[in-house]
Amino acid sequence: QVQLVESGGGSVQAGGSLRLSCAVSGYTTRNYFMGWFRQAPGQEREGVATINTMSGSTYYADSVKGRFTISQDNPKKTVYLQMNSLKPEDTAMYYCATFPVVRPVRGTLTESEYKYWGQGTQVTVSS
């Protein structure tokens, strides 16, 4: 069973930085996508960034390009989301999610593609 454990959320002032971590366990393949999604109160969940663990290819939502960076530490089976220049509108519950690559696929932030989800970690940015 694939399991995800997020950490690193918290409160920060606008312009500040936070780094989220997501540790994965249970995979028997090395080829999977690890993505970050977020959901603000009263809003739909949206994709933020994703990385392919085999190729290292990354993909970002336009709203975070240039401010957020997704990276991985393969030996630790951990993915990170470095969030800089945070804005109040970045306030949300952030979720880590993953799916194994079983067919050729480009980076996707389509929620339905992701099979396993973490419990979420709260990020609050104050103005």
Side-chain angles (χ1 to χ4, degrees):
Q1 179 73 9
V2 175
Q3 293 184 323
L4 301 168
V5 178
E6 303 113 325
S7 61
S11 298
V12 66
Q13 289 192 328
S17 299
L18 282 173
R19 189 178 79 158
L20 306 182
S21 300
C22 178
V24 62
S25 61
Y27 264 127
T28 57
T29 177
R30 292 170 54 195
N31 192 6
Y32 48 93
F33 275 93
M34 293 280 288
W36 286 98
F37 292 75
R38 66 186 181 186
Q39 187 169 24
Q43 297 186 21
E44 293 185 355
R45 189 153 53 186
E46 64 168 342
V48 174
T50 191
I51 186 168
N52 177 268
T53 57
M54 178 71 78
S55 68
S57 297
T58 58
Y59 183 77
Y60 296 91
D62 289 342
S63 58
V64 305
K65 280 181 182 177
R67 299 189 299 123
F68 291 10
T69 301
I70 189 169
S71 62
Q72 61 178 340
D73 183 332
N74 279 340
K76 294 184 178 179
K77 294 186 178 180
T78 299
V79 169
Y80 304 98
L81 185 68
Q82 178 67 43
M83 304 184 294
N84 298 328
S85 302
L86 282 162
K87 306 174 181 179
E89 51 264 44
D90 294 318
T91 295
M93 183 71 77
Y94 283 70
Y95 298 90
C96 180
T98 184
F99 68 93
V101 177
V102 296
R103 57 178 173 79
V105 61
R106 291 186 176 183
T108 174
L109 292 175
T110 301
E111 186 176 339
S112 60
E113 293 275 4
Y114 289 78
K115 187 174 181 180
Y116 305 100
W117 291 80
Q119 79 285 356
T121 185
Q122 178 68 37
V123 171
T124 302
V125 184
S126 58
S127 57

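Throughout, residue positions are numbered sequentially from 1 according to the sequence presented. Source: prediction; values computed, not measured.
- For Tyr59, the OH atom is loosely surrounded, since the number of other residues' heavy atoms within 6.0 Å does not exceed 12.
- Side-chain atoms of Ser7 and Val5, non-hydrogen and from C-beta on, never get closer than 4.5 Å to each other.
- Figure legend: cation-pi geometry between Arg38 and Tyr94 absent, as NZ or CZ is not positioned both under 6.0 Å from the six-membered ring centre and within 45° of its axis.
- Here the straight-line distance linking atom OG of Ser71 with atom CD1 of Ile51 works out to 6.5 Å at 0.5 Å rounding.
- Qualifying salt bridge (Lys or Arg N to Asp or Glu O under 4.0 Å) partners for Glu89, counting only residues two or more places apart in sequence or in other chains: none.
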* Asked: Yes or no on side-chain hydrogen bond (donor to acceptor under 3.5 Å, both in side chains) for Tyr60 and Thr69, after CA distance, side-chain angles and deciding distance?
  -> CA-CA 8 Å; Tyr60 296 91; Thr69 301; 4.6 Å; no
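- When each of Val24, Asn52, Val79 is checked for a side-chain contact (heavy atoms from CB on, under 4.5 Å) with Gln72, only Val79 meets the rule.
- Listed by chain and residue number, Phe33, Val105, Thr108, Glu113, Tyr114, Lys115 satisfy the side chain to side chain contact (heavy atoms under 4.5 Å, CB included) test with Phe99 (two or more places apart in sequence, or in another chain).
- Between Phe68 and Leu86, the closest side-chain pair of non-hydrogen atoms falls below 4.5 Å.
- Panel note: side chain Arg67, backbone Ser85; a donor-acceptor pair is recorded below 3.5 Å.
- The cationic group of Arg45 lies under 6.0 Å from the six-membered ring centre of Tyr95 and within 45° of the ring axis, placing it in a cation-pi geometry.
- The shortest non-hydrogen separation linking Asp73 to Pro75 is OD1-CD, 3.0 Å.
- Note: Leu4 CG to Thr78 OG1 = 10.5 Å, rounded to the nearest 0.5 Å.
- The same ILVMFWY cluster, assembled from side-chain heavy atoms under 4.5 Å apart, contains both Leu81 and Leu18.
- For Asn84 and Ser17, the side-chain atoms include at least one donor-acceptor pair closer than 3.5 Å.
- Using a 4.5 Å cut-off on side-chain heavy atoms (C-beta onward), Gln122 and Thr124 make contact.
- One hydrophobic cluster, built from ILVMFWY side chains closer than 4.5 Å, cannot hold both Ile70 and Val101; they sit in different ones.
- Looking only at distances, no side-chain donor or acceptor of Gln39 sits under 3.5 Å from a matching main-chain atom of Met93.
- Between Glu111 and Glu44, the closest side-chain pair of non-hydrogen atoms is not below 4.5 Å.
- For Trp117 and Phe37, the ring centers sit closer than 6.0 Å to each other.
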Check your understanding: How far apart are the C-alpha atoms of Ser112 and Thr110, what are their side-chain angles, what is the distance that settles it, and do they pass the side-chain hydrogen bond (donor to acceptor under 3.5 Å, both in side chains) test?
Key -> CA-CA 6 Å; Ser112 60; Thr110 301; 5.7 Å; no
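- Within the 3.5 Å criterion, the main-chain N or O of Pro88 finds no donor-acceptor partner in the side chain of Ser127.
- Between Asp62 and Lys65, at least one side-chain nitrogen of the basic residue sits less than 4.0 Å from a carboxylate oxygen of the acidic one, meeting the salt-bridge criterion.
- No donor-acceptor distance shorter than 3.5 angstrom exists from the side chain of Ser21 to the backbone of Tyr80, with no hydrogens or angles considered.
- Cluster membership for Leu109 and Tyr116, using ILVMFWY side-chain heavy atoms within less than 4.5 angstrom, is not shared.
- Residue pairs satisfying the disulfide (SG to SG under 2.5 Å) criterion with at least one member in residues 2-108, sequence neighbours excluded, are listed as follows: Cys22-Cys96.
- Considering only heavy atoms from C-beta on, Met83 comes within 4.5 Å of Val123 through its side chain.
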_If you apply the rule side chain to side chain contact (heavy atoms under 4.5 Å, CB included), what do you find for Tyr27 with Thr98, and how did you get there?_
CA-CA 10 Å; Tyr27 264 127; Thr98 184; 2.8 Å; yes
